[in-house]
Protein chains: 2
Amino acid sequence: MTEEIKTVARRHLASDGANLSLRAVARDLGMASSAVYRYFASRDELLTALIIDAYDALGAAAEHAAEGVRGDLDRWLAVALAVRDWALAEPHQWALIYGSPVPGYQAPPDTIGPATRVILLIAAIVREAYEAGRIPDQPPLTGRYAEELAAVAEQFAGRAPARLVGAAMSGFIHMCGAVSAELFGQLTNGVDEDRRGFFEFQMRGAAAFAGLS
Amino acid sequence: MTEEIKTVARRHLASDGANLSLRAVARDLGMASSAVYRYFASRDELLTALIIDAYDALGAAAEHAAEGVRGDLDRWLAVALAVRDWALAEPHQWALIYGSPVPGYQAPPDTIGPATRVILLIAAIVREAYEAGRIPDQPPLTGRYAEELAAVAEQFAGRAPARLVGAAMSGFIHMCGAVSAELFGQLTNGVDEDRRGFFEFQMRGAAAFAGLS
DNA sequence: GCCACAAAGAGAGCAGTGCTCTTGCTTTTC
DNA sequence: GAAAAGCAAGAGCACTGCTCTCTTTGTGGC
């Protein structure tokens, strides 16, 4: 039942965005709106469920795309293009997880696990490349943020230097920005035909910043 | 009067986000909700007015920051940091213009003018650097998107090559992504203290991609 | 001074929303 | 078979965007 509600809710998400109507979902299911509250304590809880599912679906798509691809750069590009493909297929789910936060909505801790799948995948790509000695040396970073990056590295990226972790995060952020820019209409009247090509161009730049090849 | 409504609406924007209540705004002004409709035909029209104002304020802040700064890289960094500063000061206005689009809302053509101020400013920085011969040569781009970029260049960036225009747009997109990531909570548990430093690190990377120095 | 007209606001009302509470029905469990 | 638990329905509250009609207010022309 919960699954059925989520399926219909996802359909409504595609037409109404984040302010989908719980009542309309209930109507589509042929039940009273109050009955839905047996499965989800509130509209926000429904949204949370959809958010977690979206993160998971995106993470799965990215991991699947990376499977079996050899070469650091190719793996990174495969991940980035898979993320873009998923976002183009599910624009409203993308908006839900990487768009502006829903007003008054506070993401519960359950979401941070699924939320990190993609960035962890990218971290793994970079770490493997680094540990295999395929990343050229770069001058170390200094400053407070470099220490924070080093702390992150210690947790997720083995012995990779702060600069590399920073470049990886930068690539992830750039990727999210590029997808959002495309979906949210920032590219209109600029690049309209070959957006995939332009996206790949940007992602190659991001990879070069990290020293991937 | 319209100005007064917008001011109160902006205050509500800060607490309720994009789904601010026209009735609540009217209440705050001590007038009936129907009276507001004399000044704005609909809630969407109010949002449009706020969007245009936000684009203009951001554009003005960016242009002001660039004034008098010498050096291509420094100008670019000044613009990027000014954009970030403005976004941190007005997170809900940022979400309004660069976050996920409001469901069912179609941005009218009036918005595209103000929307382009920042990217045009960046284009100007890059163009000047190129025309003064301060951008090292890079291999030309090929592909459909390269043609589109060349068309954009012809309009806004003089004789700059497609790769340079692409890198400039890439930097703009990266900047938007970095600001959004910070505002929308993607950086939580990663870089928490010195986000400004990390932002600048990314923007220096974006500048290098375009050949700015 | 007075009338006429237009602008500005008030108020009621419609259909819709999230959510709660009470009531009833059905299925399981003892 | 009776008690208990799970599930759904319905009414209702306070809220929303928006429309309609009505009333007040201010101003220009004579």
Side-chain angles (χ1 to χ4, degrees), chain A residues 1-54 92-93 95-96 99-108 110-111, chain B residues 1-54 92-93 95-96 99-108 110-111:
Chain A
M1 195 72 231
T2 54
E3 212 50 52
E4 217 165 320
I5 293 175
K6 285 199 284 183
T7 304
V8 176
R10 256 187 291 270
R11 212 166 55 217
H12 275 81
L13 202 65
S15 59
D16 297 337
N19 54 12
L20 55 81
S21 156
L22 213 148
R23 284 177 115 115
V25 171
R27 254 198 311 274
D28 267 25
L29 286 163
M31 66 205 284
S33 69
S34 53
V36 177
Y37 284 85
R38 226 156 256 286
Y39 302 94
F40 296 95
S42 69
R43 208 192 65 123
D44 279 6
E45 205 175 290
L46 211 191
L47 279 182
T48 299
L50 295 180
I51 287 173
I52 292 179
D53 283 7
H92 293 90
Q93 292 195 54
L96 202 57
S100 29
V102 181
Y105 173 81
Q106 176 72 12
D110 322 27
T111 59
Chain B
M1 195 70 232
T2 54
E3 213 50 51
E4 218 165 319
I5 294 175
K6 284 198 286 183
T7 304
V8 176
R10 256 187 291 268
R11 213 166 54 220
H12 275 81
L13 202 65
S15 59
D16 298 337
N19 53 12
L20 56 81
S21 156
L22 212 149
R23 285 176 113 114
V25 172
R27 255 197 311 273
D28 267 25
L29 285 164
M31 63 205 282
S33 68
S34 53
V36 177
Y37 283 85
R38 279 227 181 250
Y39 303 92
F40 296 95
S42 68
R43 208 191 64 121
D44 280 6
E45 203 175 292
L46 211 192
L47 280 182
T48 299
L50 294 180
I51 287 174
I52 292 178
D53 283 8
H92 292 89
Q93 292 195 53
L96 202 57
S100 28
V102 181
Y105 174 82
Q106 177 71 12
D110 321 28
T111 60

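Both backbone and side-chain heavy atoms feed into the values below; hydrogens, waters and symmetry mates do not. Chain A is the first sequence line, chain B the second, and so forth, proteins listed ahead of strands; every chain is numbered from 1.
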Nearest 0.5 Å please: distance from the NZ atom of Lys6(A) over to the OH atom of Tyr39(A). 14.0 Å
Roughly how many Å is it from OH in Tyr39(A) to P in dG18(C), rounded to a whole number? 18 Å
Can you measure from CG (Leu46(B)) to CZ (Arg10(B)) and round to the nearest 0.5 angstrom? 9.5 Å
Shortest side-chain distance from Arg23(A), nucleotide among dT16(D), dG12(D), dG10(D): dG12(D)
What is the distance from atom CG of Asp28(A) to atom NE2 of His12(A), rounded to the nearest 0.5 Å? 4.0 Å
Closest approach to the side chain of Ala32(B), judged atom by atom: which nucleotide of dG18(C), dC18(D), dA10(C) is it? dA10(C)
State whether Ser34(A) places a side-chain N or O below 4.0 Å from either non-bridging phosphate oxygen (OP1 or OP2) of dT20(C). no
Point-to-point distance, once rounded to the nearest 0.5 Å, from OG1 of Thr2(A) to CD of Glu45(A): 11.0 Å
Met1(B) or Ser33(B), whichever maps to the more 5' nucleotide of DNA chain C: Met1(B)
Please examine the side chains of Met31(B) and Arg38(B), heavy atoms only from C-beta on, and report whether any two atoms are closer than 4.5 Å. no
Nearest-Å distance for atom pair CG/C1', residues Leu47(B) and dG17(D): 12 Å
Between CG of Leu20(A) and C1' of dT17(C) the distance, given in whole Å, is 12 Å
Please figure out whether Gly30(A) or Arg27(B) has its closest DNA chain D nucleotide nearer the 5' end. Gly30(A)
Spacing of CG belonging to Leu96(A) relative to CG belonging to Leu13(A), to within rounding of 0.5 Å: 5.5 Å
Once you round it to whole Å, what is the distance between C1' of dA8(D) and CG of Leu29(A)? 13 Å
I need the Asn19(B) CG to Arg43(B) CZ distance, nearest 0.5 Å. 6.5 Å
dG16(C) C1' sits how many Å from His12(A) NE2, rounded? 13 Å
For Tyr37(B) and dT21(D), what is the distance between atoms OH and C1' respectively, to the nearest whole Å? 16 Å
Among dG11(C), dA9(D), dG17(D), which nucleotide has an atom closest to any side-chain atom of Met31(A)? dA9(D)
Taken to the nearest whole Å, CZ/Phe40(B) to C1'/dG17(D) is 16 Å
What integer distance in Å separates Arg38(A):CZ from dA9(D):P? 11 Å
Ignoring backbone atoms, test whether Ser21(A) places a side-chain nitrogen or oxygen under 4.0 Å from the OP1 or OP2 oxygen of dG18(C). yes
Estimated bend of the helix from dG1(C)-dC30(D) to dC30(C)-dG1(D) (axis per five terminal pairs, rounded to 10 degrees): 10°
